[in-house]
Structure formats: structure tokens, C-alpha cells
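Numbering starts at 1 and runs along the sequence shown.
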Amino acid sequence: MDWGTDLWDQNDVIDKHTQSGLDLLERYIKFVKERTEIEQSYAKQLRSLTKKYSKRGNKEEQECKFSNHASFQEILNELNDYAGQREVIAENMTAKIYEKLTKDLQDLKQERKTHLSDAKKAQQNLESSFKHLEIIKKRFAKEWVEADKATQQAEKTESDSNATKIEVDKAKNHALSRTRTAEECRNSYAAELQKYNKEQKHFYYSEIPQIFNKLQDMDERRIRQLAEGYCLFSHIEKNVLPIISRCLEGIATAGTKIDEKKDSKLLIDQHRSGFERPADVEFEDYSQGVKPTNPDSGLNPLKVHKRKFFKKNKITNAEKHTVPSQEDFSHLPPEQRKKKLQAKIEDITKELTKEQDQSEALDKMRGVYEQNSQMGDPSSLEPQITQTSQNIGRLRGELAKYETWLSEAVGGEDSSHNTNNNTQLGISAHQNSSSNIYSEFDDEFDDIESPVGQCTALYTFAGNSEGTISITEGELLSIMEEDKGDGWTRVLRASGEEGYIPTSYVRLAP
């Protein structure tokens with residue numbers, strides 16, 4: 001069934017129906033727009049909320065070491081990610097539903113206007129033809145009446161005995177002329193009627209059905225587009241539900257990570273002073289002539305301890321600039337001083353190891369340049385080697401200084417040797433590797449036909465500096481020397497070109 005066949009005479013109904021469909025599409029577009037505005041506002045409020053309650057500053061970073069504080073921060077992070085997914089929903093609804101349907105609506109309105117205009121024009125043409133037919137029909141009727149009158153008058157004149165022959169001939173000629181004119185009008189009317197019937201048939205059986213069928217196709221297309229918009233309204237949110245679920249699971253996981261016993265232990269470790277509890281206050285017998293001692297240490301020792309352990313010392317802005325920073329942490333209680341010194345030693349050890357690895361890498365590159373001058377100038381590395389050596393010397397001095405202070409803090413125990421055991425091994429290994437650097441380099445180049453692995457270039461790298469080579473994205477490379485901690489890997493290209501590239505630019509082959 002189609003509109004052109006079954007609704008050929010329902011032009012007004014089709015007009016109202018198609019307009020109602022476009023109104024519904026426009027309402028849905030406005031509905032989606034308001035929904036996206038709600039999502040965007042919701043996401044913005046969630047982000048503001050997480051930002052408001054997020055930890056900032058050194059004191060708050062210290063508190064985040066406790067599991068209950070850290071879990072709350074994780075909840076805020078997950079909620080921030082959740083807000084991001086609400087923004088994704090709003091963006092996708094805007095792009096895939098609102099903007100698309102808005103464009104479709106404009107096209108449909110224009111198409112409907114064109115079809116209705118064609119139908120109106122066809123109707124006007126048919127009405128114009130009918131009016132022309134009515135004019136010819138009336139003329140035919142008028143001429144036939146006049147011809148009939150002329151014939152009757154000629155017959156009357158002919159039967160009149162008083163009429164002359166001239167009068168009779170004149171009446172007959174007039175009747176014949178009127179009859180001939182009436183016949184012409186009759187033929188013209190018949191032709192025009194045939195033409196009109198043909199146009200009417202074309203109008204009702206061809207032209208109007210085609211227009212109405214086009215309107216039907218347009219309306220059904222609108223319905224399909226609206227149905228797709230309805231489905232997308234659900235699918236867009238379904239697509240982010242897995243991520244939203246992971247965010248909610250992350251919030252629940254943050255709650256299960258809380259360990260109250262661990263938090264209590266952490267508080268003890270952070271603030272245990274290591275001091276002994278105060279001894280009993282001795283009895284001072286004034287009846288035996290004993291002189292009063294210092295009132296601060298006499299009968300009220302608790303006042304002294306209270307001032308020492310519980311009173312907060314307020315430092316003015318001027319004092320902040322005059323009080324020297326105690327590098328050895330001697331202002332802290334024994335236990336806290338020991339922890340600070342150990343943490344400082346660990347930081348220096350890590351930095352020292354990094355500088356040693358950098359020094360080894362520079363020495364190897366200098367050896368490469370000395371054996372193959374085409375790869376680079378060895379003297380160009382001297383400033384970096386000198387700076388690295390100075391850094392190593394400075395870090396060793398700081399390390400020895402903090403180890404001495406740590407030894408004092410633990411009461412002269414042999415903590416220095418235990419703490420820096422791995423560091424000394426690293427230093428001696430560095431010295432040995434520095435003295436034998438060229439022999440190691442020769443051994444590596446003797447084994448150049450045996451790569452240690454394969455990798456694939458993730459990005460294109462233009463090797464503009466000395467000792468580096470250019471690679472292209474997706475290129476398969478042979479690893480000749482792995483990253484030693486300096487961020488560079490020596491590789492061999494299929495063309496035989498060899499040099500260093502950033503380690504982050506490649507992915508190891510399985």
C-alpha cells in the first residue's frame with residue numbers, strides 16, 4: 001500500500017501528518033540538547049567537587065601515606081574519571097544525534113516544501129484547465145441557443161406568405177451561419193473536454209500519486225532517522241558503561257584497601273621519638289634544710305615535659321629567615337632523625353647510580369667515536385663527561401657525610417657499611433668498567449653479527465646528532481646493545497647502518 005494509491009484524495013491529511021512528524025523530530029532534537037546540557041553540567045559539578053576535596057600541599061601529601069587518606073584520594077580520582085565519561089556521553093550525543101538530526105531536519109523541511117509546492121502547482125494547473133473548459137462550454141451553449149433561434153426564425157420567415165424571397169434567403173443564410181458557428185464551438189468544446197480529461201487522468205493517476213509517494217518515502221525516512229536517534233540515545237551511554245563500571249569498582253576497591261592496623265603502625269613509625277619516659281620525681285625534704293631547686297625541675301616536672309612535648313612552637317616570619325636549616329636533622333628525635341637520614345641516603349644512592357650509568361654510556365660513546373671518527377667527534381663528549389664526573393664526586397661526598405651522621409644517630413653501629421654496600425659495589429664496578437672500557441667495546445663489536453634481540457620502531461626518529469641514526473615508524477631493527485639506564489639503545493638497521501636511538505621510540509619484539 002502507498003499514499004499515492006490509497007490517499008490520492010487526502011492532500012490535507014498528508015500535509016498535517018508530515019508536519020506533525022517534523023514537529024516530533026524537532027522536539028526530540030531539543031530534548032537531546034537539554035540532556036547533553038544536563039550531562040555537561042553534571043560533569044562540571046563533579047570535577048569541581050573532586051578538585052575541592054583533593055589533597056594539595058606537603059602536609060596533605062604526608063597524610064596521603066595513610067591508607068584511609070589514600071583511598072579517599074583514589075575515590076576522588078575515580079570520580080573525576082567518571083565525570084570524564086559523562087562528558088564523553090554529552091559529546092557523542094551532540095555529534096551523533098543532535099547535530100546529525102538537526103541537519104536531517106533542515107533537509108526534510110526543504111524536501112517537504114518542494115513536494116507540497118509541486119502538488120499545489122499541479123492542482124492549480126488542473127483548475128486552470130477546468131476553468132478554460134467551462135468557458136468553452138458556455139460559449140458552445142450560447143452559440144447553440146443562438147443557432148436554434150436562427151433556425152426557428154428562418155422557418156417562420158419561410159412559412160410567412162408576406163415574406164419576400166430575399167427575406168427568406170437572408171433568414172436561411174443567417175440560420176446556416178449560426179449553425180456552422182455552433183458546430184465549431186461544439187467541436188472545440190469536445191476537443192477541450194478530451195484534453196481536460198487527459199490532464200485530469202494524469203493528475204490523479206500519475207502526478208499526484210508520485211508526489212504523495214515521495215512524501216511517504218520522506219516521512220518513512222524521517223521515522224528511520226528518528227528510530228536511529230532513539231537507539232543511539234541508549235547505545236552511546238551503553239558504550240561507556242564498562243568504563244563507568246570500572247570507575248565504580250575502583251571506588252569500591254579503594255575502600256577495601258584501607259588497613260587500620262597499617263595506618264596505626266605508620267603513625268607510630270612517623271612520629272616515634274625514641275626518648276625514654278621521664279623517671280620518678282625525687283623527694284626533696286625541705287625540713288632537713290634542703291634548698292629549693294629550679295622551680296621548673298622541682299615539684300612540677302610534668303610542666304616541663306608538657307612544654308617540651310606538647311606545646312607547639314610558633315615561628316614568626318622573621319625567625320623563618322634567621323633559623324639555619326639543620327642538614328643533619330639533629331633537631332629531630334632520634335628515631336625520626338634516623339629515618340630522615342636513611343631516606344636521604346637512599347635518594348643520593350639512586351642519583352649516584354644514575355650518574356654512574358650515564359658516565360658508562362658516555363665512555364662507550366667516546367670509544368665508538370675514537371674507533372670510527374665518522375660517527376662523531378670524541379672531544380664533543382668531554383663537557384658532558386666532565387660534568388658527570390663532577391656530579392659523581394659531589395654525590396659521593398654527600399653520601400659519606402650522611403652515612404657519618406647516620407652512624408652517630410644509631411650510636412656508632414657499623415651502619416655505614418651495611419647501608420652503602422650496594423653503592424660501593426656499584427662504584428667499584430664503575431671504576432673497573434671505566435679502566436677496561438675500550439676492551440669491552442671491542443668485544444661488543446666482535447660480536448656484532450649476534451644481536452641481543454629485535455625491536456620495532458614505534459615512531460620516526462631523525463638522528464641529527466653525532467652517534468645517532470634515523471629510523472622510520474614500523475621499521476624492524478636489531479638490538480646490538482640494550483639500554484644501560486641512560487635512555488639510549490644501540491641498534492642495527494637492515495641497511496647495515498648502526499647507531500643509537502631513544503629507547504622509548506621502539507617496542508621489543510616478542
Side-chain angles (χ1 to χ4, degrees), residues 1-27 101-156 170-226:
M1 295 188 298
D2 54 68
W3 292 4
T5 302
D6 300 305
L7 298 179
W8 62 271
D9 58 342
Q10 300 296 326
N11 181 73
D12 292 341
V13 171
I14 292 176
D15 186 355
K16 292 180 181 179
H17 177 76
T18 53
Q19 182 60 47
S20 175
L22 294 180
D23 291 343
L24 174 61
L25 180 59
E26 190 169 8
R27 285 177 57 207
L101 290 184
T102 299
K103 182 179 181 301
D104 293 340
L105 177 63
Q106 298 301 322
D107 295 341
L108 290 171
K109 283 183 176 180
Q110 184 61 39
E111 184 178 354
R112 175 179 178 274
K113 182 179 179 181
T114 301
H115 293 327
L116 292 178
S117 177
D118 292 343
K120 184 177 180 181
K121 188 181 299 183
Q123 180 70 33
Q124 289 175 348
N125 291 337
L126 184 65
E127 290 175 355
S128 177
S129 297
F130 183 76
K131 288 179 181 179
H132 184 61
L133 175 65
E134 286 294 317
I135 292 173
I136 294 176
K137 178 182 176 182
K138 289 179 180 180
R139 182 183 174 188
F140 165 62
K142 180 180 178 182
E143 291 295 335
W144 188 257
V145 171
E146 292 295 331
D148 188 49
K149 287 182 179 180
T151 301
Q152 291 178 3
Q153 184 63 33
E155 291 176 352
K156 182 178 180 182
K170 183 178 179 180
K172 287 183 178 181
N173 290 334
H174 178 69
L176 181 63
S177 175
R178 300 300 297 186
T179 301
R180 189 180 297 111
T181 302
E183 286 294 335
E184 290 176 357
C185 290
R186 180 177 179 277
N187 293 335
S188 177
Y189 170 63
E192 191 65 27
L193 180 61
Q194 185 178 5
K195 179 183 175 183
Y196 173 77
N197 288 332
K198 184 178 180 181
E199 290 179 359
Q200 181 177 254
K201 184 177 181 180
H202 175 72
F203 176 80
Y204 285 113
Y205 287 91
S206 178
E207 194 170 15
I208 284 297
Q210 288 179 3
I211 294 174
F212 285 0
N213 287 339
K214 289 179 181 178
L215 286 169
Q216 179 183 359
D217 178 70
M218 180 206 73
D219 192 64
E220 290 175 355
R221 190 166 65 253
R222 172 197 63 81
I223 295 173
R224 286 196 302 271
Q225 292 169 349
L226 193 57

query = Looking at CZ of Phe140 and CG of Leu193, how far apart are the two atoms once the value is rounded to the nearest 0.5 Å?
reply = 11.0 Å
query = Are Gln123 and Phe203 close enough, and set up right, to give a side-chain contact (heavy atoms from CB on, under 4.5 Å), and what steps lead you there?
reply = CA-CA 8 Å; Gln123 180 70 33; Phe203 176 80; 2.9 Å; yes
ask   = Measuring from Leu226:CG to Arg27:CZ, what's the distance to the nearest 0.5 Å?
value = 10.5 Å
task = Kindly say whether Asn173 contributes a backbone atom to a donor-acceptor pair with the side chain of Ser177 at under 3.5 angstrom?
result = no
message = If you apply the rule side-chain contact (heavy atoms from CB on, under 4.5 Å), what do you find for Trp144 with Glu183, and how did you get there?
response = CA-CA 8 Å; Trp144 188 257; Glu183 286 294 335; 3.8 Å; yes
Approximate separation, where rounding is to 0.5 Å, of Ser20 OG and Leu25 CG = 11.5 Å
message = Show, in sequence, the C-alpha distance, side-chain angles and deciding distance for Ser128 and Gln124, and conclude whether the side-chain contact (heavy atoms from CB on, under 4.5 Å) test is met.
response = CA-CA 6 Å; Ser128 177; Gln124 289 175 348; over 6 Å; no
message = Please evaluate residues Asp217 and Asn213 with respect to the criterion side-chain contact (heavy atoms from CB on, under 4.5 Å), reporting the C-alpha separation (whole Å), side-chain torsions for both, the decisive distance (0.1 Å), and the verdict.
response = CA-CA 6 Å; Asp217 178 70; Asn213 287 339; over 6 Å; no
remark   = Taken to the nearest 0.5 Å, the spacing of Leu22 CG from Gln106 CD works out to 10.0 Å
key: Minimum-distance pair of heavy atoms, taken over all atoms of Ala171 and Ala154   = O-CB, 3.5 Å
ask   = Applying salt bridge (Lys or Arg N to Asp or Glu O under 4.0 Å), which residue pairs with at least one partner in residues 106-115 are found, sequence neighbours left out?
value = Asp15-Arg112, Glu26-Lys109, Lys103-Asp107, Glu111-Arg221
ask   = ring-ring contact (aromatic ring centres under 6.0 Å, His included) with Phe130: which residues, sequence neighbours excluded?
value = Tyr196
request  = List for me each residue that meets side chain to side chain donor-acceptor pair (under 3.5 Å) alongside Asp148, sequence neighbours excluded, and say none if there are none.
outcome  = Gln152
task = Grab the two heavy atoms, one from Ile136 and one from Cys185, that are nearest each other, plus how far apart they are.
result = CG2-O, 4.5 Å
query = Rounded to the nearest 0.5 Å, how far apart are CG of Leu105 and CG of Leu24?
reply = 10.5 Å
request  = Could you pull out the closest heavy-atom pair between Leu108 and Gln225, with the gap in Å?
outcome  = CD1-OE1, 3.6 Å
inquiry  = For a quick test of reading the model, state the closest non-hydrogen atom pair linking Ala150 to His174 and the distance between them.
reply    = CB-CD2, 3.7 Å
inquiry  = Testing the basics here: between Tyr189 and Lys137, what is the closest heavy-atom pair and its distance to 0.1 Å?
reply    = CE1-CB, 3.3 Å
query = If every non-hydrogen atom of Trp8 is compared with every non-hydrogen atom of Phe212, which pair is closest and at what distance?
reply = O-CE2, 3.5 Å
task = Kindly indicate, with the supporting measurements, whether the criterion salt bridge (Lys or Arg N to Asp or Glu O under 4.0 Å) is fulfilled by Asp219 and Arg222.
result = CA-CA 5 Å; Asp219 192 64; Arg222 172 197 63 81; 3.1 Å; yes
remark   = Exactly one of Glu199, Lys201, Gln200, Gln194 clears side chain to side chain contact (heavy atoms under 4.5 Å, CB included) with Asn197, and that residue is Gln200
Reported CG-to-CD1 distance for the pair Leu116 and Ile14, which is rounded to 0.5 angstrom = 9.0 Å
